[in-house]
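Worksheet: one structure, shown below.
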Number of protein chains: 2
Amino acid sequence: MHAGSEPLDGIFQALADPTRRAILARLGGGPAAVGELAQPFDMALPSFMKHIAALEQSGLIRTEKSGRVRTCTLERATFALVDGWLGEQRRLWAGRTDRLEAFVTRDIT
Amino acid sequence: MHAGSEPLDGIFQALADPTRRAILARLGGGPAAVGELAQPFDMALPSFMKHIAALEQSGLIRTEKSGRVRTCTLERATFALVDGWLGEQRRLWAGRTDRLEAFVTRDIT
DNA sequence: TTGATAGTTAGCCGACCGGCAAAGTGTTGG
DNA sequence: CCAACACTTTGCCGGTCGGCTAACTATCAA
């Protein structure tokens, strides 16, 4: 039934966790190894790796193993999908002029 | 740092479901009653109501009951929180100039 | 007042999520 | 060769999620 909407499912699901958002924020400053990323979190490694896996599966990061170290890199292009969805929503709002819109747009713009 | 990152948890969680995103898209065209919103979905009403509840709890919609009809309205201001998070991420990327950025920004801008 | 309408409440179910510990794999350094 | 290191695999656990049915409440229309 819902063919084609799946990528956003995984992306939003991945973003719905503070640990994973923190990982993304850290990776915003540049690539890092799993162990290095894990340090700030009081969590066993296997648990942490599940977060990494969720981020990778959703396409928000890319990882590559060199020797015994796995390095994680932000996949910026994927963020554009979220941006695109937001933009599409706003496009749907366009033209509607409720009292509400007058209020909201005045505050934002 | 960010004392209140919990709202984003609920928001992204709510967005991570195609049914709920479809509801939001429909509400983009203006407020609607629960029954009216539910029609396109092959789903029992109690199940559907859980989606409505998730959207309301996350702040993405507001609902009001008048008589026996509950009307749902998009809460546009909440979308700005998502936008704000995305913006903050991009701010973290700023200044870093990987090969990747050259590729991505060419496509986006 | 009776019946249809529009949600709501309650309870059940299987699947998935986020955490753990224990033990295994494969590099690297000495 | 051996030990330390950096994950990885396995298997378990309780809780939440998304769906259902059945039964209930509260309007509105006739």
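From a predicted model like this one, the values you see are computed outputs, not experimental measurements. Throughout, a chain's letter reflects where its sequence line sits, starting with A, and its residues are numbered from 1.
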F12(A) to L15(B) - nearest heavy-atom pair and separation: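 Closest heavy-atom pair between F12(A) and L15(B): CD1-O, 3.4 Å.
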What integer distance in Å separates [X]:[atom1] from [N]:[atom2]?
X      : N       : atom1 : atom2 : answer
D9(B)  : dC17(C) : CG    : P     : 16 Å
I52(B) : dG7(C)  : CD1   : C1'   : 11 Å
F48(B) : dG18(D) : CZ    : C1'   : 14 Å
Q13(B) : dC17(C) : CD    : P     : 10 Å
L55(A) : dC17(C) : CG    : P     : 13 Å
F41(A) : dG18(C) : CZ    : P     : 14 Å
R68(A) : dA4(D)  : CZ    : P     : 12 Å
L45(B) : dT9(C)  : CG    : C1'   : 13 Å

If you compare every side-chain N and O of [X] against the phosphate oxygens of [N] (OP1, OP2), does one of them come in below 4.0 Å?
X      : N       : result
S47(A) : dG18(C) : no
K65(B) : dT8(C)  : yes
H51(A) : dG19(C) : yes

Nearest to side-chain heavy atoms of V34(B), which nucleotide of dG19(D), dG7(C), dT8(D):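 Nearest to the side chain of V34(B) among the choices is dG7(C).
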5' priority, DNA chain D, between K50(A) and D17(B) [closest heavy atom]: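 Counting from the 5' end, the first nearest nucleotide belongs to K50(A).
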L24(A) reachable from M49(A) in the ILVMFWY side-chain graph, under 4.5 Å edges: yes
Touch class at under 4.0 angstrom, heavy-atom based, for A44(B) against every strand present: base
Comparing S66(A) and T19(A) on DNA chain C - which has the more 5′ nearest nucleotide: T19(A)
Aromatic plane relationship, W85(B) with F79(A) - under 30° parallel, 30 to 60° tilted, over 60° perpendicular: parallel
Derivation and outcome, side chain to side chain contact (heavy atoms under 4.5 Å, CB included), residues T78(A) and I61(A): CA-CA 8 Å; T78(A) 304; I61(A) 71 172; over 6 Å; no
Residues R20(A) and D9(B) bridged, charged N to O under 4.0 Å: no
